[in-house]
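Have a look at the structure below, then the notes.
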Amino acid sequence: MKKLINDPADVVAESLRGFAAAHADLVRVNADPAYVVRADAPVKGKVGILSGGGSGHEPMHGGFVGRGMLDVACPGEVFTSPTPDQMLEATKAVDGGAGVLHIVKNYTGDILNFEMAADLAREEGIEIEAVITNDDVAVQDSLYTAGRRGVGVTVLAEKIVGAAAEEGQDLAAVAELCRRVNAEGRTMGMALTSCTVPAAGKPTFELGEQEMEIGIGIHGEPGRERLPLASAKEIVERLAGPVIDDLPFASGDRVLAFVNGMGGTPQIELYLVYNELAQLLEARGITIARNLVGSYITSLEMAGCSITLLRLDDELIRLWDAPVLTAGLRWGA
Amino acid sequence: MKKLINDPADVVAESLRGFAAAHADLVRVNADPAYVVRADAPVKGKVGILSGGGSGHEPMHGGFVGRGMLDVACPGEVFTSPTPDQMLEATKAVDGGAGVLHIVKNYTGDILNFEMAADLAREEGIEIEAVITNDDVAVQDSLYTAGRRGVGVTVLAEKIVGAAAEEGQDLAAVAELCRRVNAEGRTMGMALTSCTVPAAGKPTFELGEQEMEIGIGIHGEPGRERLPLASAKEIVERLAGPVIDDLPFASGDRVLAFVNGMGGTPQIELYLVYNELAQLLEARGITIARNLVGSYITSLEMAGCSITLLRLDDELIRLWDAPVLTAGLRWGA
Amino acid sequence: MSDGAAITVDEVVAWLRDFAAVMAREKDALTALDSAIGDGDHGINMDRGMRAVMEKVDAATPADVPALMKTVGMALISKVGGAAGPLYGTLFLQFGSAAGPDGLTPDGWAACLAAGVAGVRARGKAELEDKTMVDALQPAADAVSAALGEGASFADALARGADAAEEGARATIPLVARKGRASYLGERSAGHQDPGATSSAHLVRSAARMWAV
Amino acid sequence: MSDGAAITVDEVVAWLRDFAAVMAREKDALTALDSAIGDGDHGINMDRGMRAVMEKVDAATPADVPALMKTVGMALISKVGGAAGPLYGTLFLQFGSAAGPDGLTPDGWAACLAAGVAGVRARGKAELEDKTMVDALQPAADAVSAALGEGASFADALARGADAAEEGARATIPLVARKGRASYLGERSAGHQDPGATSSAHLVRSAARMWAV
Ligand SMILES: Nc1ncnc2c1ncn2[C@@H]1O[C@H](COP(=O)(O)OP(=O)(O)O)[C@@H](O)[C@H]1O
Ligand SMILES: Nc1ncnc2c1ncn2[C@@H]1O[C@H](COP(=O)(O)OP(=O)(O)O)[C@@H](O)[C@H]1O
Ligand SMILES: [Mg+2]
Ligand SMILES: [Mg+2]
Ligand SMILES: [Mg+2]
Ligand SMILES: [Mg+2]
């Protein structure tokens, strides 16, 4: 295992210390239980936005804490959802009296822990809404699965919902907006390599020199199918095709196109993928009104990418464009 | 070779097309000769700032084109310096009548090509200053080498000098500032893995599971020495020690601490490295006044990091904090 | 412990200690199982959780089984995370609630386990054959109750429970997962033993070992 | 071509074509050499450059050697990049400038090569034994001139030049680089043949092959 770490057991805690030191102007970091909270929390009268999940997806979620996005993030151990007591403390830290929205990615562990946390927070008199993101079209949403995973749309939802909360929308409105963003977005991802969980010390799966995994999640889970390595053009077709067909996105739609790197893929490749995606969407009459290209929701050092499309309207564009001031996303501020 | 690409020969051109499509609000991209120029160039009366070098270091340099940083970037083939004709066209595209600064990383190829370009541009009546960055302490600056490589400080110089040009400083002042930033900064880097040049198709060097390269450059060159894999703490000591001793940085100094990822190292590790660096500097009485943590000057998908320290004064801090609006660095705008 | 006599807190602690040791020993094996069909952390999670449990319990051992099991459940919930944290946490919390303050008989123990399993099922909404820990726990609870009902000793009942749990865990191999992370794999989840069912079988085997005589 | 007769543009083009073919064939080998002590692109660079040269030359072959060599040099400068682009570009530009408009004799050819090599040295500031292309080019230029001076045929002189270039390239193996990227490696650059010296040796060997009879 080749990583810039000390003891594998300390990776999350030490990385959080570095994050705290680097971004003291934006956030405070609580060590135990672990959460990253915006420096000026709680903001009185503002709906608090909380998200959380396993670590290893950086900059998500800690990198999205700050003005115009998340109020607080709960990092779990690597690829392991955080715990209810942690979420409870984090919720209390950002409760400005207007309630707190929990943005939960659809994984059994996250769901179970967030359910318990919401119960605990409500017992303490804090109004909670929980919205589950489940945008991964690689998974069938059926009785035979735990439902679709929450992946790339989570990042977009956090930005848009964060802007709405910042401008004073109430908890019900913000939760409804979050559900709408989730409903209008779809994602699919792929991997060229596995990643290695530090505590495990070896790759979660093995891929041959000429193989790729299509339909992966963000936890080093194997995907839906293993295929021979293909060109970027073919890969984009394999990812964007199912994404488009699922909603479906139609000619005339305006979208936010999000090409996400899984952590080990350099920008030169991500922009090359974006080039293919832009051509494919243009051929289908779909207009890219906004875009995001970079590694925002990652799987440690995995090489690969995901493609997310989000159908936009004027309201979503306005909220996307609103100022955001976080370590991971920043504009207009 | 596992990359998200089509034909290896088209990587740079296709990636640039994606970059152009993604950032049409900030830049225009000329295909042949290749350059990335800010959308509103040339800015009349403003010194033009040009940088360039091989591709594969993204976001450097194209990602630093925009208000408050570079006016234009010349991308070469992967790890191959751009050519004089390309630099000449790029220079002409940003000449607003106040001359153009060429920021050149110290590599034989870059130097030779930039020299020719400067001659050509001067023949066309454009005032040119060229400043060479050479901050890599891994290389001895002696008659027996091509001199120190230009690495991490280049990014910081581009930001600071870009701010000075934006506020209207003249060519001589901007060039002098660039030399000062270079003189006050030092860098050293290391690799956990090699990278693969797309056209070569195989890794530039091979590293065993338990080995690392210390003192690498940014072109997949092997480094100064190969050592057994060590903890992040030891690695930081091995990088920061020579950096500090070289200038030398002393107790009481204020610095910008820049932890840079080589492309394949995820943020969770970079912040862990930053945590070690912050502790080490604190123990030496050196104050981190500003920091930058992320993958800004990369070697394709190489795993590893570099540490850059830049001694700051109030003037440099003011220019660092000035607004910047580029794809790769953005604040205050 | 002779049959019918009260199960002591110390015995329950010894059971947990045995389970903690097994989790430490089986950490890599469980993680390997989870790598095949999940995200490769189950062994790491369980080991971290049981370490935290034993630290808490050893620092101040609660006076009775309900209090002990509450400590265990809360420690797991706050230290494990993932799916296993709330599920194992619930298992122990419900076990403890069912125990009541008045000491525990073998029949009571069996009822507690059944309550714990019911809690897991309520929380995770998993059915039998969904390829989860329920596939080890439910047969184990059923087997212990049945054995005691047939007049078996507590030791024998637990041994039969452990056998049933291990058989249940092994029987997850051909199943296609319908709950948890493994369900994302669809048909590709078949052919691998479920990590949670495996750790659950270890839990019951630890009990059988503890109360073997 | 008989000795003393003018060297034709077509012959020079044939030399370049042979060199371009060798660069295509040796691309991976040169890149492997550059991977060991540089950045692994020399073969790729030279192949890209010589393809561009031949495209330009085949589209409209310049009328005389100076014009031809200017086309070649400019194409290399604008297509190769890196260190090799300006250096090889300068080699051909200076070769062409020295040729003059009035046709080329073997002696003239030797003088042109010497001028080209001088240009490379002026631009790159490399000395002999700095482990660069100069270590192949300078001995080659010297050997060709010396051989012609001793009355050798053009074919023999070029063969001796090519031998000298190859020997010079091989002699770079033990050297510690003092110029270019390889110098960053310090002592570790010893034990590897310099890629630029190797491509230069190919260039002279192509000439020897072209004018062999
Ligand atoms: N809904 C569920 N009901 C019961 N058990 C479940 C459920 N979902 C998952 N599990 C169990 O949890 C185990 C995985 O635990 P673990 O790896 O620690 O958590 P995570 O899946 O969050 O990484 C699975 O092997 C399975 O036995
Ligand atoms: N200063 C110099 N003078 C002469 N030749 C040089 C000099 N620097 C480098 N070279 C030659 O250039 C070769 C490398 O070319 P290439 O790999 O194409 O460029 P780069 O080093 O920019 O990647 C070296 O092998 C060496 O022969
Ligand atoms: Mg997990
Ligand atoms: Mg090069
Ligand atoms: Mg797991
Ligand atoms: Mg090279």
Side-chain angles (χ1 to χ4, degrees), chain A residues 1-7 11-12 14-22 55-56 58-59 63 78 192-193 195 207 209 212 229 231-233 235 259 263-278 288 291-293 295 298 300-301 303-305 325 327-328 330-333, chain B residues 1-7 11-12 14-22 55-56 58-59 63 78 192-193 195 207 209 212 229 231-233 235 259 263-278 288 291-293 295 298 300-301 303-305 325 327-328 330-333:
Chain A
M1 175 177 49
K2 303 189 96 172
K3 291 179 186 285
L4 296 168
I5 61 173
N6 299 306
D7 186 330
V11 168
V12 173
E14 291 181 9
S15 184
L16 279 175
R17 275 208 288 281
F19 189 83
S55 292
E58 292 68 24
V78 172
L192 292 172
T193 63
C195 56
L207 267 179
E209 238 326 288
M212 61 181 182
L229 196 58
S231 69
K233 190 183 183 60
I235 289 170
V259 171
T265 285
Q267 285 194 5
I268 193 169
E269 296 177 34
L270 296 180
Y271 281 108
L272 194 151
V273 165
Y274 184 75
N275 181 47
E276 293 297 339
L277 179 61
I288 302 181
N291 71 79
L292 185 66
V293 182
S295 296
T298 61
L300 297 169
E301 75 285 2
C305 71
L325 180 59
R330 181 182 298 207
W331 55 75
Chain B
M1 174 177 50
K2 304 188 95 173
K3 291 180 186 286
L4 295 168
I5 60 173
N6 298 308
D7 187 330
V11 168
V12 172
E14 291 182 9
S15 184
L16 279 175
R17 275 208 288 281
F19 189 83
S55 293
E58 292 68 25
V78 172
L192 293 172
T193 63
C195 55
L207 267 178
E209 236 330 285
M212 60 180 181
L229 196 58
S231 69
K233 189 182 185 62
I235 289 170
V259 170
T265 285
Q267 285 195 4
I268 193 167
E269 295 177 36
L270 297 180
Y271 280 109
L272 194 151
V273 165
Y274 183 75
N275 181 47
E276 293 297 339
L277 179 61
I288 302 181
N291 71 79
L292 185 66
V293 181
S295 297
T298 61
L300 295 171
E301 74 285 0
C305 70
L325 180 58
R330 180 183 300 206
W331 56 74

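Here is how names work: the chains are called A, B, and so on, in the same order as the sequence lines, proteins then strands, and each is numbered from 1.
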Check each atom of [X] against the heavy atoms of chain B and say whether the ones under 4.5 Å are side chain, backbone, both or neither.
X      : value
A:I268 : both
A:A21  : both
A:N6   : both
A:L207 : both
A:L229 : side chain
A:V273 : side chain

In terms of heavy-atom pairs under 4.5 Å with chain B, which of [options] leads?
options                       : answer
A:A22, A:G264, A:P266, A:S231 : A:A22
A:P59, A:A278, A:G304         : A:P59
A:M212, A:R330, A:E58, A:K2   : A:K2

* Asked: Between B:L192 and chain A, which part of the residue has a heavy atom less than 4.5 Å away: side chain, backbone, both or neither?
  ->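 Backbone plus side chain of B:L192, per the 4.5 Å heavy-atom cut-off to chain A.
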* Heavy-atom distance under 4.5 Å to chain A: side chain of B:V293, backbone, both or neither? ->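 For B:V293, the side chain is the part near chain A, not the backbone.
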* Asked: Taking B:V11, B:T193, B:V78, B:T298 one by one, which has the highest count of heavy-atom pairs under 4.5 Å against chain A?
  ->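 Going by pairs under 4.5 Å, I would pick B:V11.
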* To do: With a 4.5 Å cut-off on heavy-atom pairs, point out which of B:M1, B:K233, B:K3, B:E276 contacts chain A the most.
  =>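 Among the listed options, the one with the most contacts to chain A is B:K3.
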* Donor-acceptor under 3.5 Å (B:N275 side chain, A:S15 main chain) ->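 Answer holds: no.
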* **Backbone of B:L4 reached by a side-chain donor or acceptor of A:E269 within 3.5 Å** =>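 Yes; at least one donor-acceptor contact below 3.5 Å.
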* Asked: Minimum heavy-atom separation for B:A327 to A:Y271, with atom names?
  ->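 In terms of heavy atoms, the two residues are closest at CB-OH, 4.4 Å.
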